[in-house]
Engineer: 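What follows is a structure written as structure tokens; I'll ask about it next.
Numbers here simply count residues along the sequence, with the first being 1. Indexing begins at 1, ligand by ligand and atom by atom, following the structure's order.
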Amino acid sequence: MTGNLIERLRHAVGSSGVISDPDEMAGYLTDWRNAYTGTAAAVVRPGSTEEVAAVVELCHQAGVEVVPQGGNTGLCGGAVPDSSGRQLVLSLTRMRRIRDLDVANQTITVEAGVILQSVQDAAAAAGQLFPLSLGAEGSCTIGGNLATNAGGTGVLRYGTMRDLTLGVEVVLPDGRIWNGLRGLRKDNTGYDLKQLFIGAEGTLGVITAAVLKLFPAVRSRATAWVALPGPQAAVDLIGILRAVAGDRLTGFEIMSRQSVDFVLRHVSGARDPFGERHLWYALVELSDSLPVAGLDEVIETALGEAVERGLVVDAVVASSAAQAAALWALREGISEAQNHEGPSLKHDVTVPVSRIPALVERADRALDEAVPGVRVVTYGHIGDGNLHYNLSKPVGGDDDEFRSRASDLARIIYDQTSALEGSISAEHGLGQSKREIIADYKDSYELELMRGIKQLFDPRGLMNPGKVLPG
Ligand code: FAD
Ligand code: MLT
Ligand code: ZN
């Protein structure tokens with residue numbers, strides 16, 4: 001990148017918006033897990049849509065590749081530049097304005113760099129709910145949530161980011177601005193273009209703002225921590241809860257004992273709710289917009305039936321908001337806790353809910369045959385069929401040796417997932433980590449159509465190259 005371009009970028013966004021000092025850039029060049037590190041010519045932080053457009057247009061003219069970045073919490077290397085030192089990281093973190101909150105329309109319009117938790121807080125202050133919720137919500141951004149079509153713990157009831165979005169504003173790879181900020185629930189005027197940018201992981205353009213759906217605030221909640229003999233019992237328990245509680249079932253997370261062990265070992269203040277060890281656990285949440293909905297009774301009725309049928313071994317229903325938060329902390333602490341145990345090989349897979357037990361049985365057996373003693377950290381949003389099939393090395397194992405097995409182990413999990421008609425990425429995306437392997441699991445015609453879309457939006461291939469599409 002020429003000094004001339006850096007000067008122009010400074011002119012476009014102000015000197016403080018362009019970082020080229022290697023030490024100051026470092027935090028933008030490595031991901032949350034320290035799994036990917038790149039280099040960059042500069043990090044640019046525009047403060048408005050017009051400034052984003054000016055930066056992208058300058059890069060387009062100069063043939064410079066752009067890597068959009070939000071909170072940099074992504075788990076597949078999508079926001080990290082390559083090692084050429086020629087790419088530009090475009091950080092949206094200065095675009096933090098909430099542009100509008102329309103209670104009558106049940107919408108909030110926010111810029112891409114707004115932290116997810118700030119959107120939840122703004123909605124709550126207006127007596128509303130923005131339901132996307134995930135472990136990184138204190139640092140991930142709405143732009144990143146859109147670009148990855150984030151999921152998290154509320155999908156069962158409210159859907160993924162795709163379902164929560166009514167409109168987007170995008171800077172296209174040549175610097176043009178597409179204003180698709182419509183707050184309409186019905187709009188049948190042709191192709192739904194916003195859906196192309198959602199989940200595109202920054203490969204089709206830079207999302208600068210969005211209109212998101214709001215829902216009635218939650219006014220009552222019941223939370224339970226449940227011990228189970230295995231995944232089949234979890235699937236059956238979901239059925240009972242659905243029958244008894246209907247749409248009030250808003251969360252159902254599963255965790256293997258290995259996952260909980262890591263949290264108890266590494267997260268300060270974490271405490272096992274039961275005296276005895278169990279093989280599997282579920283965290284169940286019911287919620288309602290009515291202040292007095294009798295949810296404790298509803299959850300107890302469902303759990304009582306499950307105990308009678310031998311599906312539940314033990315259960316505790318939270319008696320206060322603080323106790324419920326402590327149960328959620330056991331679940332949300334798993335990602336962080338696993339980082340203390342050496343490399344964490346992440347596999348974010350999904351199969352139809354009914355096939356989860358078969359997946360766990362087959363994959364666990366094959367993984368242990370491949371690497372005896374491998375620690376399988378299985379947990380996730382089983383209510384919508386999504387398991388995080390994360391792996392840690394055997395006790396006393398060597399980090400590099402374990403990493404060298406990464407692609408064999410991934411294939412074991414992906415082959416079993418694929419045989420059960422699942423997908424190798426439920427919510428984290430492809431980024432750079434699954435960009436090549438996806439070619440073995442996705443229909444070649446589907447990939448050809450995706451390449452055609454990329455060519456239409458970004459014929460010069462300047463927008464987040466090396467991500468999503470196989471090389
Ligand atoms: P980044 O990491 O900065 O970027 C992610 C991708 O989006 C990159 O490809 C980047 O180029 C692109 N991008 C970012 N901003 C824009 C933009 N404005 N325009 C275009 N492209 C853009 N994810 C889930 O889905 N569910 C979970 O439950 C979940 N739990 C997590 C728990 C922890 C502890 C952590 C660390 C991560 C978790 N994640 C989860 C993954 C991650 O938080 C999400 O993928 C999140 O949506 C990423 O947001 P971000 O702002 O950090 O994006
Ligand atoms: C989660 O649900 O905690 C994350 O999506 C999973 C992960 O960090 O692998
Ligand atoms: Zn998840």
Engineer: Could you pull out every protein residue that has a heavy atom closer than 4.0 Å to ligand 2, ordered by chain and then number?
Structural biologist: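 Within 4.0 Å of ligand 2, the protein residues are L75, R331, S335, K346, Y379, H381, H388, N390, E427, H428.
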
Engineer: S139: what forms a side-chain hydrogen bond (donor to acceptor under 3.5 Å, both in side chains) with it, not counting sequence neighbours?
Structural biologist: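 Not a single residue meets the side-chain hydrogen bond (donor to acceptor under 3.5 Å, both in side chains) criterion with S139.
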
Engineer: Of all the heavy-atom pairs spanning S287 and T250, show the shortest one and how long it is.
Structural biologist: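 It is OG-OG1, 3.0 Å.
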
Engineer: Anything under 30° is parallel, anything over 60° is perpendicular, the rest tilted; go ahead and classify F274 against Y281.
Structural biologist: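 Rings of F274 and Y281: parallel, under 30°.
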
Engineer: Got the closest protein heavy atom to atom 45 (O) of ligand 1, with its distance?
Structural biologist: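 Heavy-atom neighbour on the protein nearest atom 45 (O) of ligand 1: T148 OG1, 3.4 Å.
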
Engineer: Grab the two heavy atoms, one from R362 and one from L420, that are nearest each other, plus how far apart they are.
Structural biologist: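 What the structure gives for the nearest pair is NH1-CD2, 3.6 Å.
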
Engineer: Using heavy-atom distances, let me know which of N145, N72, D31, T153 sits nearest atom 46 (C) of ligand 1.
Structural biologist: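 Among N145, N72, D31, T153, the closest heavy atom to atom 46 (C) of ligand 1 belongs to N145.
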
Engineer: Mark up the atoms of ligand 1 that fall under 4.0 Å of a heavy atom belonging to A136, in ascending order.
Structural biologist: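 With A136 as reference, the close atoms of ligand 1 come out as 32 (C), 33 (C), 35 (C), 37 (C), 43 (O).
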
Engineer: Measure the distances from the heavy atoms of K467 to every atom of ligand 1 and state whether one is below 4.0 angstrom.
Structural biologist: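 Heavy atoms of K467 never come under 4.0 Å of ligand 1.
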
Engineer: For E427 and H388, test the side chains for any donor-to-acceptor distance below 3.5 angstrom and give the result as yes or no.
Structural biologist: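 Present: a donor and an acceptor within the cut-off.
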
Engineer: Could you tell me whether R331 and E285 have a side-chain N and a carboxylate O separated by less than 4.0 Å?
Structural biologist: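 Salt bridge between R331 and E285, a charged N being under 4.0 Å from a carboxylate O: no.
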
Engineer: Which of the atoms in ligand 1, numbered in the order shown and given with their element, are less than 4.0 Å from a heavy-atom of A150?
Structural biologist: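 Matching atoms, with element in brackets: 25 (O), 47 (O).
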
Engineer: Check this for me - ligand 1, W32, N or O atoms closer than 3.5 angstrom, yes or no?
Structural biologist: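 Between W32 and ligand 1 (N or O atoms, distance only) the closest approach is not under 3.5 Å.
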
Engineer: Short list, please: which atoms of ligand 1 are under 4.0 Å from a heavy atom of A112?
Structural biologist: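 It comes down to these atoms of ligand 1: 18 (N).
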
Engineer: Is there side-chain contact between M25 and T39, with heavy atoms separated by less than 4.5 Å?
Structural biologist: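 The answer is no; the side chains never approach within 4.5 Å.
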
Engineer: Could you verify whether a donor N or O on one side chain and an acceptor N or O on the other, from E253 and T153, lie under 3.5 Å apart?
Structural biologist: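 On atom types as modelled, these side chains do not qualify, holding no pair under 3.5 Å.
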
Engineer: Who gets closest to atom 15 (N) of ligand 1 by heavy atom: C140, A209, G144, G205?
Structural biologist: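 Looking at heavy atoms only, the winner is G144.
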
Engineer: What are the two closest heavy atoms between G78 and V67, and how far apart are they?
Structural biologist: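 Looking at all heavy atoms of both residues, the closest pair is O-CG1, 4.1 Å.
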
Engineer: If you round to the nearest 0.5 Å, how far is OG of S392 from CD of Q258?
Structural biologist: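 Spacing of CD (Q258) from OG (S392) equals 7.0 Å.
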
Engineer: When you measure from atom 50 (P) of ligand 1 to every protein heavy atom, which one gives the shortest distance, and what is it?
Structural biologist: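 Nearest protein contact, heavy atoms only, for atom 50 (P) of ligand 1 is G71 N, 3.5 Å.
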
Engineer: S139 versus ligand 1: do any nitrogen or oxygen atoms come within less than 3.5 Å of each other?
Structural biologist: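 In this structure, S139 places no N or O atom under 3.5 Å from an N or O of ligand 1.
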
Engineer: Out of all atoms in ligand 1, which are within 4.0 Å of some heavy atom of H381? Include the element for each.
Structural biologist: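 Contacts of ligand 1 toward H381, numbered from 1: 28 (O).
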
Engineer: List the atom of D399, the atom of G342, and the distance in Å for their closest heavy-atom pair.
Structural biologist: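 For D399 versus G342, the nearest heavy atoms are OD1-CA, 4.2 Å.
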
Engineer: Taking atom types as modelled, is there a side-chain donor on S344 or N390 under 3.5 Å from an acceptor on the other?
Structural biologist: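 No, no side-chain donor-acceptor contact under 3.5 Å.
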
Engineer: Identify the protein heavy atom lying closest to atom 13 (N) of ligand 1, giving its residue, its atom name and the separation to 0.1 Å.
Structural biologist: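 Going atom by atom, the protein heavy atom closest to atom 13 (N) of ligand 1 ends up being A147 CB, 3.5 Å.
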
Engineer: Look at the side chain of N72 and the backbone N and O of T30, then say whether any donor-acceptor pair between them is shorter than 3.5 Å.
Structural biologist: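 At least one qualifying donor-acceptor pair exists.
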
Engineer: Can you pull out the closest protein heavy atom to atom 19 (N) of ligand 1? Residue, atom name and distance to 0.1 Å, please.
Structural biologist: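 The answer is I207 N, 2.9 Å.
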
Engineer: Is G151 near ligand 1, meaning one of its heavy atoms is under 4.0 Å from it?
Structural biologist: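 Yes, G151 has a heavy atom closer than 4.0 Å to ligand 1.
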
Engineer: Apply side-chain contact (heavy atoms from CB on, under 4.5 Å) to residues R33 and N339 and explain how you reach the verdict.
Structural biologist: CA-CA 7 Å; R33 266 191 302 158; N339 283 348; 4.2 Å; yes

Engineer: Which residue owns the protein heavy atom closest to atom 34 (C) of ligand 1, what's the atom, and how far is it?
Structural biologist: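 Of every protein heavy atom, S335 CB, 3.8 Å lies nearest to atom 34 (C) of ligand 1.
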
Engineer: Just going by heavy-atom distances, which of T141, L75, N149 is nearest to atom 51 (O) of ligand 1?
Structural biologist: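 The nearest heavy atom belongs to T141.
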
Engineer: Would you call V353 and F252 a side-chain contact if the rule is heavy atoms closer than 4.5 Å?
Structural biologist: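 Side chain of V353 against side chain of F252, heavy atoms only: no contact under 4.5 Å found.
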
Engineer: Looking only at heavy atoms of L92, does any of them come nearer than 4.0 Å to an atom of ligand 1?
Structural biologist: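 Contact check L92 vs ligand 1: positive.
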
Engineer: Is a donor on one side and an acceptor on the other found under 3.5 Å between the side chain of K393 and the backbone of P343?
Structural biologist: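 The answer is no, because no donor-acceptor pair under 3.5 Å joins these two groups.
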
Engineer: Check D400 with R403, please: is the shortest side-chain N to carboxylate O separation under 4.0 Å?
Structural biologist: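 Answer for the salt bridge query: yes.
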
Engineer: Does M161 reach ligand 1, in the sense of a heavy atom lying below 4.0 Å from it?
Structural biologist: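 False for this residue.
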
Engineer: So do E65 and R86 actually touch side chain to side chain, heavy atoms under 4.5 Å?
Structural biologist: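 Counting from C-beta outward, R86 and E65 never come under 4.5 Å.
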
Engineer: I need the full list of ring pair (Phe, Tyr, Trp, His ring centres under 6.0 Å) pairs touching residues 337-361, with sequence neighbours left out, sorted by first then second residue.
Structural biologist: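 Every pair satisfying ring pair (Phe, Tyr, Trp, His ring centres under 6.0 Å) with a residue in residues 337-361: H266-H340, H347-Y414.
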
Engineer: With heavy atoms under 4.0 Å as the rule, classify the contact between E336 and ligand 1 as side chain, backbone, both or neither.
Structural biologist: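 Contact part for E336 vs ligand 1: neither.
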
Engineer: Quick one, D272 with R257, criterion salt bridge (charged side-chain N to carboxylate O under 4.0 Å, His left out). Give me CA distance, side-chain angles, the key distance, then yes/no.
Structural biologist: CA-CA 11 Å; D272 190 338; R257 177 70 208 188; 3.1 Å; yes

Engineer: Salt-bridge test for R375 and D261: reply yes if a basic N is under 4.0 Å from a carboxylate O, no otherwise.
Structural biologist: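 Not counted as a salt bridge, because no side-chain N and carboxylate O are separated by less than 4.0 Å.
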
Engineer: Leaving waters out, which protein N, O or S atoms fall under 2.8 Å from the Zn ion (ligand 3)?
Structural biologist: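 Listed by chain and number: H381 NE2, H388 NE2, E427 OE2.
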
Engineer: Looking only at protein heavy atoms, identify the closest one to atom 29 (C) of ligand 1 and say how far it is in Å.
Structural biologist: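 Residue, atom and distance for the closest contact: L134 CB, 3.8 Å.
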
Engineer: Looking at R405 and E401, is any side-chain nitrogen of the basic one under 4.0 Å from a carboxylate oxygen of the acidic one?
Structural biologist: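 Between R405 and E401 there is no salt bridge, as every charged N stays at least 4.0 Å from the carboxylate O atoms.
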
Engineer: Have a look at G202, G74, G143 and point out the one with the heavy atom closest to atom 16 (C) of ligand 1.
Structural biologist: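 Heavy atom nearest to atom 16 (C) of ligand 1 belongs to G143.
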
Engineer: If we set the cut-off at 4.0 Å for heavy atoms, which region of N464 has an atom near ligand 1: side chain, backbone, both, or neither?
Structural biologist: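 Just the side chain.
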
Engineer: What protein heavy atom is closest to atom 4 (O) of ligand 1, reported as residue, atom name and distance in Å?
Structural biologist: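 Sorting protein heavy atoms by distance from atom 4 (O) of ligand 1 puts A79 CB, 3.6 Å first.
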
Engineer: Give the residue, atom name and distance (to 0.1 Å) of the protein heavy atom nearest atom 8 (C) of ligand 1.
Structural biologist: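 It is G78 C, 3.4 Å.
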
Engineer: Identify which of N386, L132, T73 has a heavy atom lying nearest to atom 43 (O) of ligand 1.
Structural biologist: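 Among N386, L132, T73, the closest heavy atom to atom 43 (O) of ligand 1 comes from T73.
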
